[in-house]
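Okay, structure first, notes after.
A note on names: the letters A, B, ... follow the listed sequences, proteins ahead of strands, and every chain is numbered from 1.
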There are 2 protein chains.
Amino acid sequence: MAIPGDARPPRDCAPPPTPGAAFLLTQIGSHAAARFAERIAELDLTPPQTGLLRAVAVAPGQSQQALARLLGTPPSRLVALLDGLDERGLVERRRNPDDRRLHALHLTDAGHDLLRRIAEVGQAHDDAICAALSDEERTTLTALLARIAADHGLTPGVHPGYRHL
Amino acid sequence: MAIPGDARPPRDCAPPPTPGAAFLLTQIGSHAAARFAERIAELDLTPPQTGLLRAVAVAPGQSQQALARLLGTPPSRLVALLDGLDERGLVERRRNPDDRRLHALHLTDAGHDLLRRIAEVGQAHDDAICAALSDEERTTLTALLARIAADHGLTPGVHPGYRHL
DNA sequence: TATTGTTATACTCTATAACTATA
DNA sequence: TATAGTTATAGAGTATAACAATA
């Protein structure tokens, strides 16, 4: 509450009456990321782990260095992340016999199964976020967002959510 | 690059061919937040500081506890944040004579000036994010986003960006 | 010597909880 | 005793840089 005896504000400090698209995008984007994190937490996964699983599935056989470059993260970070997924039997590090420094990363069968469940969770999440819109509006929104993403050079498969949050 | 001699993936692990709206929202939202952070860094501000300045401007005279509740942040966090803004002469902590435990928060003239520059930066940022869209499309997008935000109970003035990032 | 993966260290950010001053 | 603000401590998460193995 406001402190008694305190004057009311002059009106020139009012914020924009209607927030712009960029403001809404950060606000909703952050909200959506948090809700998605809650959902995948029930699969015992964090957003970074989920992004990593996806990346390994999209491009199997990559080395850790290559994957780090793709995701824009320091290689040392992948180690701890992969350790957790490796122990749970979700990913495999296969030594390359031709160059024994390299580890080829692959999803195990359990990893593929889990990825399917992640896809289901993602679908439910998408529905929840767009609940206020009709099917047609949702299609319109998706198309506009895709144009913005492309305009800013955002990599289609990789979202920054795996590093923040 | 993929490691030589490594088999190509079976096709059942492919990710969704077209990302859904929720995925795009988190991706673009994170991108927009990062770009905005870069812009206000030139004003020597972080996103949390900017959000706090805005909040003080919207509801001047609030106590720190009240503001903490509004923003959903622990009161102890506001202290350090306010210290920085206070030292720079952007906000004032006015002791309430009726209850000397309370600090009424206000923007100084310099704080108001800076807030106007923040608004300019925000406008340029909004334009940059929406550069790929026509005016009409931008209006459509903003309306759809506003509906989603309202549907999820997001507070109009307060975005979560001041706490993350 | 250069590169891959790993480990060790340090740093940033944040929350929790103890402390003080006022009531 | 209860509350506002502050300070202190500790924890999570991350990046930087040193290290061992392999080329």
Side-chain angles (χ1 to χ4, degrees), chain A residues 1-6 30 33-34 37 41 45-52 55-56 61-87 91-106 160-165, chain B residues 1-6 30 33-34 37 41 45-52 55-56 61-87 91-106 160-165:
Chain A
M1 40 37 203
I3 293 173
D6 194 63
S30 176
L45 287 172
T46 64
Q49 287 176 321
T50 308
L52 182 52
V56 173
Q62 301 269 110
S63 73
Q64 296 182 199
Q65 296 278 344
L67 200 55
R69 276 191 296 271
L70 173 69
L71 298 175
T73 192
S76 64
R77 210 193 146 190
L78 284 189
V79 176
L81 235 34
L82 286 169
D83 283 349
L85 298 177
D86 199 344
E87 286 167 14
V91 302
E92 262 182 329
R93 295 191 243 221
R94 300 188 195 156
R95 273 225 128 97
N96 184 333
D98 293 349
D99 185 342
R100 293 178 41 76
R101 293 174 302 182
L102 298 173
H103 286 174
L105 300 174
H106 291 271
Y162 74 93
R163 43 174 135 182
H164 311 300
L165 229 183
Chain B
M1 45 16 209
I3 293 173
D6 195 64
S30 176
L45 287 173
T46 64
Q49 287 176 320
T50 308
L52 182 50
V56 174
Q62 301 268 112
S63 72
Q64 295 182 199
Q65 296 277 346
L67 201 56
R69 276 191 296 271
L70 174 69
L71 298 176
T73 192
S76 64
R77 210 194 146 189
L78 284 189
V79 175
L81 235 34
L82 286 169
D83 283 348
L85 299 176
D86 199 345
E87 285 166 15
V91 302
E92 262 181 330
R93 293 192 245 220
R94 300 188 196 155
R95 273 225 128 97
N96 183 331
D98 294 348
D99 185 340
R100 294 177 41 76
R101 294 174 302 182
L102 297 173
H103 286 176
L105 299 174
H106 291 271
Y162 74 93
R163 43 175 136 180
H164 311 301
L165 228 184

message: Restricting to side-chain contact (heavy atoms from CB on, under 4.5 Å), what partner residues turn up for B/Gln64, sequence neighbours left out?
response: B/Val79, B/Leu82, B/Arg93, B/His103, B/Leu105
query: For the pair made of CZ in B/Arg69 and C1' in D/dT3, what is the distance, rounded to whole Å?
result: 10 Å
task: Please check if the side chain of B/Arg94 supplies one atom and the backbone of B/Ala104 the other of a donor-acceptor pair under 3.5 Å.
output: no
message: What is the separation between atom NE2 on A/His103 and atom P on C/dG5, rounded to the nearest whole Å?
response: 7 Å
field: For A/Thr46, side-chain contact (heavy atoms from CB on, under 4.5 Å) partners two or more places apart
entry: A/Pro48, A/Gln49
field: Interatomic distance where CD belongs to B/Gln65 and P belongs to D/dA2 [whole Å]
entry: 16 Å
- prompt: Taking protein heavy atoms under 4.0 Å as touching, what does nucleotides 18-23 of chain D look like 5' to 3' if B marks base contact, S marks sugar-phosphate-only contact and - marks none?
  reply: ----BS
Nearest heavy atoms of B/Leu67 and B/Ala55, plus distance in Å: CD1-CB, 4.0 Å
message: For B/Gln65, give me all partners under side chain to side chain donor-acceptor pair (under 3.5 Å), at least two apart in sequence or on another chain.
response: none
task: Round to a whole Å and report the spacing from CG of B/Asp86 to C1' of D/dG5.
output: 13 Å
field: Whole angstrom value for the distance that separates P of C/dT6 from CD of A/Glu87
entry: 12 Å
- prompt: What is the distance, rounded to the nearest whole Å, between atom CD of A/Gln49 and atom P of D/dG13?
  reply: 10 Å
- prompt: How far apart are the closest heavy atoms of B/Pro74 and B/Ala68, and which atoms are they?
  reply: C-CB, 4.4 Å
message: Can you measure B/Arg94 atom CZ to D/dG5 atom C1' for me and round it to whole angstrom units?
response: 18 Å
Table of protein N/O atoms under 3.5 Å from nucleotides 7-9 of chain C N/O atoms:
none

query: Atom CG of B/Leu81 and atom CG of B/Leu52: how far apart are they, to the nearest 0.5 Å?
result: 5.0 Å
task: Starting at atom CG of A/Leu78, determine the distance to atom C1' of D/dT14, rounded to an integer number of angstrom.
output: 13 Å
message: If the helix axis at each end comes from five base pairs, how far does the helix from C/dT1-D/dA23 to C/dA23-D/dT1 deviate from straight, to 10°?
response: 30°
field: Atom pair CD/CG of B/Gln62 and B/Leu70 - distance to nearest 0.5 Å
entry: 7.0 Å
